[in-house]
*Asks:* 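Here it is: the structure, laid out below.
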Amino acid sequence: MKERRILVADDDRDAVLMLTALLRDEGYEVRGVHRGAEVLDAVFNFAPDVVLLDIGMPQMSGYEVARKLRERYGSARPALIAVTGLTRPGDRVQAHAAGFEHHVCKPYEPRALLQIIGELTRAS
């Protein structure tokens, strides 16, 4: 079985370092980026199974990135998980409309996030 690939995108560099370390420890192949535009290139070059994407990034929000990935790849795009500080019920609705499969609020429980990722990677 191929090693599952995860892309972590957050403008908070410490958040990227923490998540990439956690995911590597779990056996995933991981890359991290810090800008929305970098996500688009990394999806093309790295071909992740799942993207953990902060919504509140500068220049290009996670919502915009999700819409662009949906336009470019349709159903062949990676699974998208919003990992965000946006916690209102309307934020979940907006994330789903943009193309996210899951919406995880910061701070999050690492085991719960790993369970979601595990379910998505088993399904792909």
Side-chain angles (χ1 to χ4, degrees):
M1 185 168 112
K2 82 170 185 132
E3 188 174 32
R4 298 301 188 176
R5 294 178 170 192
I6 311 288
L7 178 65
V8 178
D10 198 315
D11 58 316
D12 180 339
R13 292 181 184 276
D14 290 336
V16 171
L17 289 172
M18 190 274 305
L19 262 176
T20 56
L22 173 71
L23 293 165
R24 280 191 186 103
D25 287 349
E26 293 294 319
Y28 293 103
E29 183 178 350
V30 186
R31 298 248 173 99
V33 297
H34 306 285
R35 301 255 181 246
E38 292 174 327
V39 175
L40 303 176
D41 292 336
V43 166
F44 179 78
N45 294 314
F46 180 55
D49 299 293
V50 177
V51 177
L52 303 177
L53 182 55
D54 180 33
I55 290 177
M57 290 188 292
Q59 298 170 349
M60 184 184 298
S61 75
Y63 294 132
E64 293 173 81
V65 172
R67 286 186 202 100
K68 287 182 184 292
L69 290 172
R70 190 173 58 194
E71 288 169 11
R72 287 185 186 181
Y73 299 101
S75 63
R77 69 168 170 68
L80 302 177
I81 301 173
V83 180
T84 180
L86 302 176
T87 60
R88 296 179 321 217
D91 297 325
R92 289 182 183 280
V93 171
Q94 192 172 354
H96 181 72
F100 288 93
E101 279 80 11
H102 291 275
H103 184 274
V104 176
C105 295
K106 297 176 185 175
Y108 55 85
E109 170 56 45
R111 288 283 145 212
L113 181 59
L114 288 170
Q115 181 177 351
I116 293 168
I117 293 168
E119 291 168 4
L120 290 172
T121 57
R122 279 190 298 278
S124 63

*Asks:* Which is it for Leu52 and Leu113 under the side chain to side chain contact (heavy atoms under 4.5 Å, CB included) test, yes or no, and what are the steps along the way?
*Replies:* CA-CA 10 Å; Leu52 303 177; Leu113 181 59; 4.3 Å; yes

*Asks:* Applying side-chain hydrogen bond (donor to acceptor under 3.5 Å, both in side chains), name anything that partners Glu64, two or more places apart in sequence or on another chain.
*Replies:* Ser61

*Asks:* Sequence neighbours left out, what passes side-chain hydrogen bond (donor to acceptor under 3.5 Å, both in side chains) with His102? Give chain and number order.
*Replies:* none

*Asks:* Which residues pass the side-chain hydrogen bond (donor to acceptor under 3.5 Å, both in side chains) test with Gln94, not counting sequence neighbours?
*Replies:* none

*Asks:* Listing request: all salt bridge (Lys or Arg N to Asp or Glu O under 4.0 Å) pairs with a residue in residues 38-47, at least two apart in sequence or in separate chains.
*Replies:* none

*Asks:* Taking C-beta and beyond as the side chain, do His96 and His103 meet within less than 4.5 Å on heavy atoms?
*Replies:* no

*Asks:* Would you mind telling me which of Asp49, Val104, Ile6 makes a side-chain contact (heavy atoms from CB on, under 4.5 Å) with Ile117?
*Replies:* Ile6

*Asks:* Would a hydrophobic clustering, with Ile, Leu, Val, Met, Phe, Trp and Tyr connected at side-chain separations under 4.5 Å, put Val93 with Tyr63?
*Replies:* no

*Asks:* Which residues pass the side-chain hydrogen bond (donor to acceptor under 3.5 Å, both in side chains) test with Asp10, sequence neighbours left out?
*Replies:* Lys106

*Asks:* Not counting sequence neighbours, which residues clear side chain to side chain contact (heavy atoms under 4.5 Å, CB included) with Ala9? List them please.
*Replies:* Val33, Val39, Leu53, Met57

*Asks:* Would you say that Tyr73 contacts Val43 through its side chain, given a criterion of any heavy-atom pair below 4.5 Å between the two side chains?
*Replies:* yes

*Asks:* List in chain and number order the residues that pass side chain to side chain contact (heavy atoms under 4.5 Å, CB included) with Leu22, two or more places apart in sequence or in another chain; answer none if no residue qualifies.
*Replies:* Leu19, Pro110, Leu114

*Asks:* Could you tell me which residues satisfy salt bridge (Lys or Arg N to Asp or Glu O under 4.0 Å) with Glu101, sequence neighbours excluded, listed by chain and number?
*Replies:* Arg77

*Asks:* Passes side chain to side chain contact (heavy atoms under 4.5 Å, CB included), Thr121 versus Tyr28? Steps please.
*Replies:* CA-CA 10 Å; Thr121 57; Tyr28 293 103; 3.8 Å; yes

*Asks:* At their closest point, which heavy atom of Pro78 faces which heavy atom of Val51, and how far apart are they?
*Replies:* CG-CG2, 3.7 Å

*Asks:* Shortest non-hydrogen contact from Pro48 to Ala42?
*Replies:* CD-O, 4.0 Å

*Asks:* Any side-chain heavy atom of Asp54 sitting closer than 4.5 Å to one from Thr84?
*Replies:* yes

*Asks:* So, using salt bridge (Lys or Arg N to Asp or Glu O under 4.0 Å) as the criterion, who are the partners of Arg88 when residues are at least two apart?
*Replies:* Asp91

*Asks:* Spell out, yes or no, whether Leu23 and Leu17 are grouped together once hydrophobic residues are joined by side-chain heavy atoms under 4.5 Å, including indirect joins.
*Replies:* no

*Asks:* May I have all residue pairs that pass salt bridge (Lys or Arg N to Asp or Glu O under 4.0 Å) and include part of residues 22-36, sequence neighbours excluded?
*Replies:* Arg5-Glu29, Glu26-Arg111

*Asks:* For residues Gly62 and Phe100, report the shortest heavy-atom separation together with the two atoms involved.
*Replies:* O-CZ, 3.6 Å

*Asks:* Check side chain to side chain contact (heavy atoms under 4.5 Å, CB included) between Arg72 and all other residues, then give those that pass, not counting sequence neighbours.
*Replies:* Leu40

